[in-house]
Protein chains: 2
Amino acid sequence: METEGTVETEGTVETADPYGDTDPFQWDTREDCQVRQILDRVADKWSLLVIALLDRRCLRFTELRREIDGISQRMLTVTLRQLERDGLVKRTVHPVVPPRVEYELTPLGGTLHHTIRTLVTWTEEHQNEIAAARSAYDARVAAEESAGA
Amino acid sequence: METEGTVETEGTVETADPYGDTDPFQWDTREDCQVRQILDRVADKWSLLVIALLDRRCLRFTELRREIDGISQRMLTVTLRQLERDGLVKRTVHPVVPPRVEYELTPLGGTLHHTIRTLVTWTEEHQNEIAAARSAYDARVAAEESAGA
DNA sequence: CTGGATCCGACATGATACTG
DNA sequence: CAGTATCATGTCGGATCCAG
């Protein structure tokens, strides 16, 4: 349904290094690159939030749903499945009458959280600069518009 | 979504921090948060690539287009506009007959590149683990499927 | 409670044609 | 060369119903 149905595991086939991707800067220009795929997953809006929350403690489905403002049931399910598939989140089902499913970060997921934190911190530290830049840009555009019109 | 309305508690209106978002972990549960917006922008597929490329040197529109495999002219334009608006990229137009427009990272953009690099490095270092996890997951699902069917 | 499955609309993105 | 404008479309994401 959500694409991704096939895994293919390309990467291992030819095109071993036609572009010379050992160059530390040339890592990502090709869209079929593994790194690109993972990056898209990892940088995903909801993934980021889920990982951030799970770092604190093990959480149940409904708890996550409640904590993440704006996420739908569907997206939470999908996101958790992806993270589980990528080995970032561990899913534990307790076979009791009222189903109880708990999610927690795997060690791998833990290392990712640390990295994500860096990005978040950067954003927090520079959000004012960005907001200012946006205002300036918008003002400039508006000025040009009224002048041109 | 706009849960603001429920916070009210007029009188002692401490709307400054109704959720206690000084908690370093509570940064992102609300979708209207500035950080969330910026994060979505910054973690964007194409933004990541553009920033990575511009860190190396100043580039022209067509050069970027050529270097980024799979990007359409439209998306490159849109991405560059966003980055410019956010003050991450500087756009310089040389008023000559064959239009020459050059893009380069601003100092702010430079700091972001550094941060992004961390994320990319993490991905590169763990892509094998993730690939393995995916294979294991898919195999497990396939097994369950054939068993259940 | 925890999802799986489906339908459907909104929006992002791609392709194409046109302009300065 | 460096876009803008327009149209077509595919995917994402939300709402809903249903099952274990």
Side-chain angles (χ1 to χ4, degrees), chain A residues 1-6 31-32 36-37 40-41 43-50 54 58-85 89-104 141 144-145 148-149, chain B residues 1-2 31 36-37 40-50 54 58-85 89-104 137 140-142 144-145 147-149:
Chain A
M1 52 173 80
E2 299 297 326
T3 69
E4 212 66 58
T6 54
E31 61 181 340
D32 56 317
R36 287 268 292 266
Q37 291 179 30
D40 275 356
R41 169 66 40 80
D44 175 71
K45 179 183 182 178
W46 302 125
S47 296
L48 243 41
L49 299 180
V50 169
L54 287 182
C58 185
L59 287 174
R60 298 180 56 181
F61 186 86
T62 306
E63 290 175 328
L64 279 169
R65 188 176 148 107
R66 255 179 44 92
E67 293 235 41
I68 303 177
D69 184 45
I71 195 170
S72 68
Q73 182 192 47
R74 172 188 162 79
M75 277 301 97
L76 180 54
T77 300
V78 170
T79 300
L80 286 171
R81 283 286 175 283
Q82 292 175 337
L83 293 176
E84 185 193 359
R85 187 168 101 99
V89 163
K90 169 97 175 296
R91 178 170 176 264
T92 307
V93 183
H94 296 84
V96 293
V97 185
R100 181 184 191 85
V101 181
E102 296 189 318
Y103 296 90
E104 61 186 319
V141 169
E144 289 172 4
E145 228 165 63
Chain B
M1 42 181 74
E2 301 300 328
E31 61 181 341
R36 287 268 292 265
Q37 291 178 33
D40 275 355
R41 169 68 37 81
V42 146
D44 176 71
K45 180 182 183 177
W46 301 124
S47 297
L48 244 38
L49 298 180
V50 169
L54 287 183
C58 185
L59 289 173
R60 300 179 56 179
F61 185 87
T62 305
E63 290 175 328
L64 279 169
R65 190 183 157 140
R66 256 180 43 92
E67 292 236 40
I68 302 177
D69 182 46
I71 196 170
S72 66
Q73 184 188 46
R74 174 187 165 75
M75 277 301 94
L76 181 54
T77 300
V78 170
T79 300
L80 286 170
R81 283 286 178 283
Q82 291 175 338
L83 293 176
E84 185 192 359
R85 187 168 102 98
V89 162
K90 169 100 176 295
R91 177 170 176 267
T92 308
V93 181
H94 297 85
V96 295
V97 186
R100 181 183 192 86
V101 182
E102 297 190 317
Y103 295 91
E104 61 186 320
Y137 181 90
R140 186 156 58 82
V141 169
E144 289 172 5
E145 227 164 66

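Within every chain, numbering begins at 1; the chains are lettered A, B, ... in the order of the sequence lines, protein sequences first and strands thereafter.
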Open item on the list: In the structure I gave you, are the side-chain heavy atoms of B:L54 and B:L83 within less than 4.5 Å of one another anywhere?
Closed with: no
TODO: Could you check if a side-chain atom of B:R81 sits within less than 4.5 angstrom of a side-chain atom of B:E84, using non-hydrogen atoms only?
DONE: yes
Task: Least distance between heavy atoms, B:L76 atom then B:F61 atom - done: CD2-O, 3.6 Å
Open item on the list: Using the side-chain hydrogen bond (donor to acceptor under 3.5 Å, both in side chains) criterion, which residues pair with B:R91? Sequence neighbours excluded.
Closed with: B:Y103
- [ ] Send over the distance from B:R66 CZ to D:dA2 C1', rounded to a whole Å.
- [x] 16 Å
TODO: Determine: side-chain N/O of B:T77 to OP1/OP2 of D:dA2, distance under 4.0 Å, yes or no.
DONE: no
Task: Distance in angstrom units between A:E102 CD and C:dG3 C1', rounded - done: 16 Å
Task: Close side-chain approach of B:R36 to A:L49, heavy-atom, < 4.5 Å - done: yes
Task: Separation of D:dG13 C1' from A:R81 CZ (nearest whole Å) - done: 17 Å
Task: Worked verdict on B:S47 versus B:V42 for side chain to side chain contact (heavy atoms under 4.5 Å, CB included) - done: CA-CA 6 Å; B:S47 297; B:V42 146; over 6 Å; no
- [ ] Please list all pairs passing the salt bridge (Lys or Arg N to Asp or Glu O under 4.0 Å) test where one or both residues lie in residues 94-104 of chain A, with sequence neighbours left out.
- [x] A:R100-A:E102
Open item on the list: Expressed as a whole number of angstroms, how long is the span from B:R60:CZ to D:dG3:C1'?
Closed with: 13 Å
TODO: Nearest whole angstrom, please: distance from the P of C:dA5 to the CG of A:L76.
DONE: 16 Å
TODO: Figure out the CG/C1' separation between B:L59 and D:dA2, and round it to whole Å.
DONE: 15 Å
Task: Gap between atoms CZ and P, on B:R41 and C:dA12 respectively (whole Å) - done: 10 Å
- [ ] Just call it for A:R65: base, sugar-phosphate, or nothing, with non-hydrogen atoms closer than 4.0 Å on any strand.
- [x] nothing
Open item on the list: Mind checking if A:R91 touches a base, just sugar-phosphate, or nothing, with heavy atoms under 4.0 Å?
Closed with: sugar-phosphate
Open item on the list: What does the B/S/- profile of nucleotides 13-20 of chain C look like, 5' to 3', with a 4.0 Å heavy-atom cutoff to protein?
Closed with: BBB-B--B
- [ ] Grab the OH-C1' distance between B:Y103 and D:dA2 for me, whole Å please.
- [x] 7 Å
